[in-house]
2 protein chains.
Amino acid sequence: MARLAAYKQHHEQSEGACAHAIGQSEKAERALAQSEAICRAHGVRLTPIRRKVLETLYATRRPLGAYDLAEALAPDGRRLAPVTIYRALEFLIEQGLAHRLASQNAYIATFHDDHETTAFLICEECGDVNEINPDALSSTLAGLVQAEAFRPHARFLEITGKCSQC
Amino acid sequence: MARLAAYKQHHEQSEGACAHAIGQSEKAERALAQSEAICRAHGVRLTPIRRKVLETLYATRRPLGAYDLAEALAPDGRRLAPVTIYRALEFLIEQGLAHRLASQNAYIATFHDDHETTAFLICEECGDVNEINPDALSSTLAGLVQAEAFRPHARFLEITGKCSQC
DNA sequence: GGCCGAAATGATACTTTGTTGCAAAAACCC
DNA sequence: GGGTTTTTGCAACAAAGTATCATTTCGGCC
Ligand SMILES: [Mn+2]
Ligand SMILES: [Mn+2]
Ligand SMILES: [Zn+2]
Ligand SMILES: [Zn+2]
């Protein structure tokens, strides 16, 4: 099953129009507004396609593959070509609005912004992803790369396992 | 260019039969001997295919894709099917003899064994990979996942950037 | 408003990476 | 040697990502 379909099914079964869904969608609204602001500040354009991809990532709150996104953005018919999705994702990642989860071949919206080191705890059971940005990890890592005279560019810190619920 | 071909070309040009190549191949010999011991201890078999894959990873000392390995293992003709390579890699990873670099879609031999937390510094310029197993990182990470009541399984800690040489 | 260069999107084909399912062979155990 | 488990072979397939070039849209400028 595609990731998005799997998520929708779970969500309908387990929650329906649950209370916290409203809180979540409000969160997503705020995040989107802030994303607009960030793009304005960076002098780049959050075009309709890019915005829709970001909206979908925020709404789902789970890692989605590029092809999942293509499907999600074309419920009627006429789906976007893969390259279009990849270009939007590249943009969002450059602007710090999304992350690539390399271990999952998937992408997820940024929920805590303005951190140089982000790690993800990925539940293998329920698919939930917990983005953490602890200062302790940042400083530990900074010390290590400095000791090796390594100049870091991108970081992929992903830990799979079971979350507290599972 | 395939990763293995690129590496070979670089290696021939920059070093030829250089002095430390002997030291490296001795290291690889020892690592292989130890791998045999580990498999015996685990009660699993380091079959010829698995051994050849591991040998190639040790000899190259760089991340190689599954298809690079298939090519490397069939210089004459008759290359192994992808699934055969993937099965060997799965085995080696299970036994802790190799790692998957998810951010590179590639695999690399384990050089420091018996560490629960391994991070890789991956140079985007020369392709060199530095495996580090610092206690500081292990304990920082252990604290974080414990705080989230997360039970970790696999860890993908990969940092791309420029190494001290580049 | 019309024009221009730059940025973004569309269309199409293609490459690379990884998987499924089942059959044959080899190793292990007794 | 016979039965079982493990490993490998084979073929087709699916998923993920990229290359190339044409077309459209946008932003600034006159
Ligand atoms: Mn919910
Ligand atoms: Mn050398
Ligand atoms: Zn879970
Ligand atoms: Zn380098």
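Below, chain A is the first sequence line, B the second, and so on; all start at residue 1. This is a predicted model, so every value here is computed, not measured.
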| What is the nucleic acid contact for A:R79, judged by heavy atoms within less than 4.0 Å: base, sugar-phosphate only, or nothing? | nothing
| request: Could you check whether A:F91 gets within reach of a base, just the sugar-phosphate, or nothing at all, counting any heavy atom under 4.0 Å? | output: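 If one applies the 4.0 Å heavy-atom cut-off, A:F91 turns out to touch nothing in the nucleic acid.
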| query | Any side-chain N or O of B:Y107 under 4.0 Å from OP1/OP2 of C:dT17? | reply | no
| query | Hey, does the side chain of B:Y86 come within less than 4.0 Å of C:dG18's phosphate (OP1/OP2), counting only N and O? | reply |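 Yes.
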Look at the side chain of [X] and decide which nucleotide, out of [options], has an atom nearest to it.
| X | options | answer |
| --- | --- | --- |
| A:V83 | C:dA11, C:dG10, C:dT19 | C:dA11 |
| B:R78 | D:dC10, D:dT8, C:dG10 | D:dC10 |
| B:Y67 | C:dT17, D:dG17, C:dA11 | C:dT17 |
| B:T47 | C:dG10, D:dT18, D:dT8 | D:dT8 |
| B:I49 | C:dA8, C:dT19, D:dT8 | D:dT8 |

| request: Using five base pairs at each end, measure the axis-to-axis angle across the helix from C:dG1-D:dC30 to C:dC30-D:dG1 and round it to 10 degrees. | output: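 End axes: 30° apart.
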| field | Euclidean distance, atom CD of residue A:E90 to atom C1' of C:dA7 [Å, nearest integer] | value |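 These atoms are roughly 13 Å apart.
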| message | If I take atom CD in residue B:Q104 and atom P in nucleotide D:dA16, what distance separates them, rounded to the nearest angstrom? | response | 19 Å
| said: Tell me if a side-chain donor or acceptor on A:T140 pairs with a main-chain N or O of A:A136 at a distance below 3.5 Å. | reply: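 Yes, the answer is positive, given that a donor and an acceptor are paired below the 3.5 Å cut-off.
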| remark: B/S/- along nucleotides 22-30 of chain C (protein heavy atoms under 4.0 Å) is -----SS--
| request: Mind running side chain to side chain contact (heavy atoms under 4.5 Å, CB included) on B:T110 and B:T118 for me, showing each step along the way? | output: CA-CA 9 Å; B:T110 298; B:T118 296; over 6 Å; no
| message | Judged by each residue's nearest nucleotide on DNA chain D, which is more toward the 5′ side, B:T84 or B:N105? | response |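 The residue whose closest nucleotide sits nearer the 5' end is B:T84.
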